[in-house]
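Structure first, then comments.
Along the sequence shown, residues carry numbers from 1. Atom set for the values below is all heavy atoms of this structure, side chains included, hydrogens, waters and symmetry mates excluded.
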Amino acid sequence: MLEINISKVIKNYGFKNILNEFDLEVTTGEKIGLIGQNGCGKTTLFKLITKEENIDGGNISIRKGANVRLLSQMPLVVDDNCSVKDILIKDFKIIFDIEKSMKELEKQMAIADSKEMEKILDKYGKLQTKFMNLDGYNVDFKINELCNKFRIDDMMLERKYNTLSGGEKTIVNLASIMLSNPDILLLDEPTNNLDIDTLEWLESFLKNYSKTVILCSHDRYFLDKVVSKIVLIERGKAEIFHGNYSYYLKENERRILAEFQEYKDQQKMIDAMKRKIKQLQEFGKLAFPGGESFFKRAASIQKRLDKIEVLDKPETKKEIPLNFQMNDRSGNQVLLVRNFNLNVQDKELLKNISFNVIFKDRICLMGKNGSGKSTLIKYIMNIYENKIENKNIKIGSNVLIGYIPQTITFENDNATILEVGRKCFDGSETYLRASLAKFMFNGENVFKRVGKLSGGEKVRLKLFELMQKNVNLLIMDEPTNHIDITTREVLEDALKDYPGTILFVSHDRYFINEIAKKIIYIEDKKIREYLGNYDDYYQKK
């Protein structure tokens, strides 16, 4: 059954068409992944489907009676007193209001005389019928069942929504949506802020969900596990791939190569026709008078040439030419952690942990949100930057660290990209601007204030800084947050060729598979080490 039909849709924000005659059909039970560079129109498409924004052309039709719900990237904006339970029951306000009125009438029944009782019973009967039609008697059961499925316990139900972590808010928001049993579920970056355990749970939930799901995500591993159809949004149009993300990669490369070959063949034919036209015209001039036949043949070929629909040259992805350099290597012992305890205020995060980081190691720190991964990284960086002596953490000889924190900041938010680049770049301004252009900071963009940059732009600028420092130990805390798939793949390629040591925190399982050679998993204040990448860890776990 056709759930959504999007035909020739145009969406314009004043300077260009974000969606340009966009076509897509969505059928019942499909699991679709939307991909494309940041700004290509993925979130815009969701807003058009939910009628949050209006289309500028074309048509969007949704099956009559279909319940469409959207899980937005942004958390809900609610009062500080709003609890998790309040969020979950908000769609059942009418039912709870009716139930409250029924209880009031029940109290009145206890003291009413026979004349009043008749009126009260009449009101009560009408409310009860409405309550039953709304399936009110099953609401508590539905909420309890969903809380069990989404692992929301009684303690969490009473917590204030605004005190939850980003991942917890995502799960509560999704649970709230699922209570309405949507026919079409739209998910905008649902994996943001989720730890790996929750990601695995969400994958299982969506795979077993029988209704239609359209999701937008940069999490390639998640896309591989959940979706069976990829929609690439490029130049305002949809290109369809009937498979998961890994299938898309292979099929897209095949299509691009085929398109490029077709383009080259057409260009050869056009060049040959132009040469023939020129040759015939020359022959006509030489044969004058009597050269009309040559000019006629040339004109005939020109007509055929004019009718040819010239193919556009296939676009290749703009890539950031990352090339981490390392002038001096560190000693063999890069980092030594022995019998280390980590406490934050009164909370014990790590207890008596020990591990080694050896030159050229590729180690990923994994664990649930709040287990202490980022705090451990910050502790190590504080020791390194402030040259603090610590008997439990030893940083090896000649170690030069490059650090990408989870939240990227710069010294001065009012500084321009060009000013930040000038501080770390050794060379003329001409070469500096040429280098920044390779990181997609072109022309007037170099005068943007760093405080106004998007998350992805901040990552690119921080990477530019690191390129200049020739570090031999890279420490990264969630480096793929806020960057699109293309930039993630370029970063992976650069890190594979990096000659130094890498220690990083990540929930991006695709990224972990590409980079990690060892997993250090934090759980219950202890660590366990696994050789290999995420898939190796998962099998051993």
_Over 12 foreign heavy atoms within 6.0 Å of CG, Leu121_ = yes

*Backbone N or O of Leu185 within a donor-acceptor pair of the Arg69 side chain at under 3.5 Å?*
no

_Would you say that more than 12 heavy atoms from the other residues, nucleotides or ligands in this model lie under 6.0 Å from the CZ of Arg63, or not?_
yes

*Parallel, tilted or perpendicular: which describes the rings of Phe96 and Phe92, with under 30° parallel and over 60° perpendicular?*
perpendicular

*Would one find more than 12 heavy atoms of other residues, nucleotides or ligands at under 6.0 Å from atom NZ of Lys142?*
yes

_Treating Lys42 as the side-chain partner and Gly36 as the backbone partner, does any N or O pair qualify as donor plus acceptor under 3.5 Å?_
yes

_I'd like to know whether Lys211 forms a salt bridge (Lys or Arg N to Asp or Glu O under 4.0 Å) with Glu3, so could you lay out the CA-CA distance, the side-chain angles of the two residues, the decisive distance to 0.1 Å, and finally the verdict._
CA-CA 10 Å; Lys211 305 293 183 67; Glu3 296 283 347; over 6 Å; no

*Begin from the C-alpha positions of Asp97 and Lys93 and carry the test salt bridge (Lys or Arg N to Asp or Glu O under 4.0 Å) through to its verdict.*
CA-CA 6 Å; Asp97 286 346; Lys93 186 177 184 303; 2.9 Å; yes

*So does Met117 have more than 12 non-hydrogen atoms from other groups sitting under 6.0 Å from CE?*
yes

*Atom NZ of Lys207: over 12 foreign heavy atoms under 6.0 Å*: yes

*Is there a donor-acceptor pair closer than 3.5 Å between any side-chain N or O of Asp80 and the backbone N or O of Asn162?*
no

*What's the verdict on salt bridge (Lys or Arg N to Asp or Glu O under 4.0 Å) for Lys518 and Glu529, showing C-alpha distance, side-chain angles and the deciding distance?*
CA-CA 7 Å; Lys518 183 193 289 186; Glu529 296 190 23; 3.6 Å; yes

*Worked verdict on Asp477 versus Ser374 for side chain to side chain donor-acceptor pair (under 3.5 Å)*: CA-CA 7 Å; Asp477 192 356; Ser374 295; 2.7 Å; yes

*Do we get Lys126 above Tyr124's six-membered ring, with its NZ or CZ under 6.0 Å from the centre and within 45° of the axis?*
no

